[in-house]
Amino acid sequence: MRSVVITGASTGIGWATAKLLLERGFRVFGSVRKQADADRLSGEFGANFTPLLFDVTDEAAVLASAREVRAALGGETLAGLVNNAGIAVTGPVLELSVDDFRRQLEVNVIGPVIATQAFAPLLGSDGELKGPKGRIVMISSVAGKTGNPLSSPYVASKHAIEGLSESLRRELMLFGIDVIVVAPGAVKTPIWSKSEDVDISAYKNSPYLPALEKVRAFMQHLSKIGLPPEKIAERIAEALTADHPKVRYAITPDPMRHLITGWLPKRMVDGIMAKRLGLLPPA
């Protein structure tokens with residue numbers, strides 16, 4: 001039975017991916033941060049699901065879980081690691097606290113590095129294990145290729161994941177471990193559906209307040225028109241199992257818009273975004 005580790009399995013893309021892979025005969029180890037979520041998922045998913053209790057920024061806890069998975073594998077390799085856990089921090093760079101920015105990068109960039117270092121031996125960098133080499137799927141975002149204003153911490157983290165994945169894929173060729181990026185657009189997950197709970201009161205005297213209100217409204221819109229997480233799970237499953245996977249899968253509810261903005265001159269895109277959000281200077 002092939003086994004996969006998924007970080008951030010309690011909701012959204014992680015939950016949907018765990019469900020799909022279990023249905024396809026995988027054993028799934030899914031990370032959660034709360035015991036209540038571990039108990040819930042164990043009840044929902046059954047015997048072939050094992051919860052791992054850790055925060056991706058807690059290196060000691062991640063390494064302890066890697067030892068737990070190694071013991072469960074009994075000398076066999078791990079088929080995949082899905083680096084999915086993440087958060088979204090919004091706000092203007094000039095006014096956002098450095099601590100908030102740092103937390104964004106700790107979770108979305110350092111977290112995957114910690115998980116990759118912990119589980120790579122099980123994927124095949126440890127030559128004593130038996131079985132085919134595993135794959136790493138990095139969950140990025142179309143935001144990693146487009147600089148959405150007032151979401152710079154999140155954009156920066158996903159841009160980092162894009163570059164990290166390119167380098168890591170080439171480094172891990174030494175061990176036969178592949179690295180594949182899955183980059184969704186808007187998805188119906190708690191990251192977007194809870195946007196109305198984002199507190200922007202700290203910016204009540206900021207010149208960015210009107211734009212932040214528009215961004216929050218747009219995030220609420222995305223939670224309604226976004227892709228179901230099950231669609232992203234299908235691409236993740238393909239990345240893990242295809243004979244010749246792509247190096248990057250992008251999946252969005254509005255691919256034409258992303259295609260157009262990708263081809264338009266950057267200055268033109270700047271103007272379009274600034275006009276929509278009210279970021280143009282006074283005439």
Side-chain angles (χ1 to χ4, degrees), residues 2-18 21 26-34 37-38 41 49-73 76-88 102-126 129 133-141 144 154 156-172 175-184 189 191 232-233 236-237 239-240:
R2 293 172 294 177
S3 300
V4 172
V5 169
I6 303 171
T7 66
S10 62
T11 60
I13 293 171
W15 185 93
T17 303
L21 292 177
F26 281 80
R27 174 168 50 174
V28 174
F29 298 87
S31 85
V32 296
R33 292 184 298 118
K34 300 176 182 178
D37 287 329
L41 294 183
F49 176 84
T50 301
L52 303 173
L53 200 61
F54 64 75
D55 184 305
V56 290
T57 64
D58 185 341
E59 185 177 8
V62 176
L63 287 169
S65 288
R67 291 192 292 271
E68 179 183 345
V69 173
R70 178 184 282 270
L73 293 176
E76 299 290 331
T77 54
L78 186 66
L81 166 65
V82 181
N83 278 315
N84 166 72
I87 60 174
R102 183 178 288 116
R103 174 63 178 165
Q104 173 75 92
L105 298 180
E106 284 284 341
V107 174
N108 286 21
V109 182
I110 304 304
V113 170
I114 290 172
T116 296
Q117 290 181 344
F119 290 102
L122 305 183
L123 294 166
S125 70
D126 180 349
L129 299 180
K133 306 296 186 179
R135 297 175 182 177
I136 298 172
V137 177
M138 299 288 235
I139 305 303
S140 180
S141 168
Y154 181 75
S157 73
K158 293 306 183 181
H159 196 70
I161 287 295
E162 296 281 347
L164 171 65
S165 300
E166 287 280 280
S167 297
L168 186 63
R169 187 178 68 251
R170 291 158 185 163
E171 290 180 14
L172 294 185
F175 303 107
I177 299 171
D178 201 3
V179 179
I180 300 137
V181 170
V182 173
T189 71
I191 273 187
I232 315 306
I236 294 170
L240 288 169

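What you are looking at is a predicted structure, and each value in this text was computed from that prediction instead of being measured. Positions are given from 1 along the sequence.
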- Task: Kindly determine whether Ile236 and Ile139 satisfy side chain to side chain contact (heavy atoms under 4.5 Å, CB included), including the steps that lead there.
- Result: CA-CA 9 Å; Ile236 294 170; Ile139 305 303; 3.6 Å; yes
Determine whether a donor-acceptor pair (N or O, by modelled atom type, separation under 3.5 Å) exists between the side chain of [X] and the backbone of [Y].
{"X": "Arg135", "Y": "Ile180", "result": "no"}
{"X": "Thr7", "Y": "Ala85", "result": "yes"}
{"X": "Ser3", "Y": "Leu78", "result": "no"}
{"X": "Ser125", "Y": "Ala120", "result": "yes"}
{"X": "Asn84", "Y": "Gly8", "result": "yes"}

Can you see which heavy atom on [X] is nearest to which on [Y], and at what distance?
{"X": "Leu129", "Y": "Pro121", "result": "CD1-O, 3.5 Å"}
{"X": "Ser140", "Y": "Pro184", "result": "O-CD, 3.4 Å"}
{"X": "Ala239", "Y": "Val137", "result": "CB-CG2, 3.9 Å"}
{"X": "Phe54", "Y": "Ala61", "result": "CB-CB, 3.7 Å"}
{"X": "Leu240", "Y": "Ala79", "result": "CD2-O, 4.5 Å"}
{"X": "Val62", "Y": "Ala118", "result": "CG1-CB, 3.7 Å"}

Within the 4.5 Å heavy-atom criterion, are [X] and [Y] side-chain neighbours or not?
{"X": "Asn83", "Y": "Ile161", "value": "no"}
{"X": "Thr11", "Y": "Asp37", "value": "no"}
{"X": "Leu73", "Y": "Arg27", "value": "yes"}
{"X": "Val107", "Y": "Val56", "value": "yes"}
{"X": "Leu168", "Y": "Met138", "value": "yes"}
{"X": "Trp15", "Y": "Thr17", "value": "no"}

- Message: Quick one, Glu162 with Lys158, criterion salt bridge (Lys or Arg N to Asp or Glu O under 4.0 Å). Give me CA distance, side-chain angles, the key distance, then yes/no.
- Response: CA-CA 6 Å; Glu162 296 281 347; Lys158 293 306 183 181; over 6 Å; no
- Please identify each residue that fulfils side-chain contact (heavy atoms from CB on, under 4.5 Å) with Thr50, with sequence neighbours left out. Phe29, Glu68
Find the distance between [atom1] ([X]) and [atom2] ([Y]) and round it off to the nearest 0.5 Å.
{"X": "Leu105", "Y": "Ile110", "atom1": "CG", "atom2": "CD1", "value": "7.5 Å"}
{"X": "Arg70", "Y": "Leu122", "atom1": "CZ", "atom2": "CG", "value": "5.0 Å"}
{"X": "Leu52", "Y": "Phe119", "atom1": "CG", "atom2": "CZ", "value": "6.0 Å"}
{"X": "Thr77", "Y": "Ile177", "atom1": "OG1", "atom2": "CD1", "value": "9.5 Å"}
{"X": "Ser165", "Y": "Leu172", "atom1": "OG", "atom2": "CG", "value": "10.5 Å"}

- Query: So with a 6.0 Å cut-off around CZ of Arg169, is the heavy-atom count from everything else above 12?
  - Reply: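 For Arg169, atom CZ is crowded (more than 12 foreign heavy atoms under 6.0 Å).
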- Message: Apply side chain to side chain contact (heavy atoms under 4.5 Å, CB included) to residues Leu21 and Ile6 and explain how you reach the verdict.
- Response: CA-CA 10 Å; Leu21 292 177; Ile6 303 171; 4.2 Å; yes
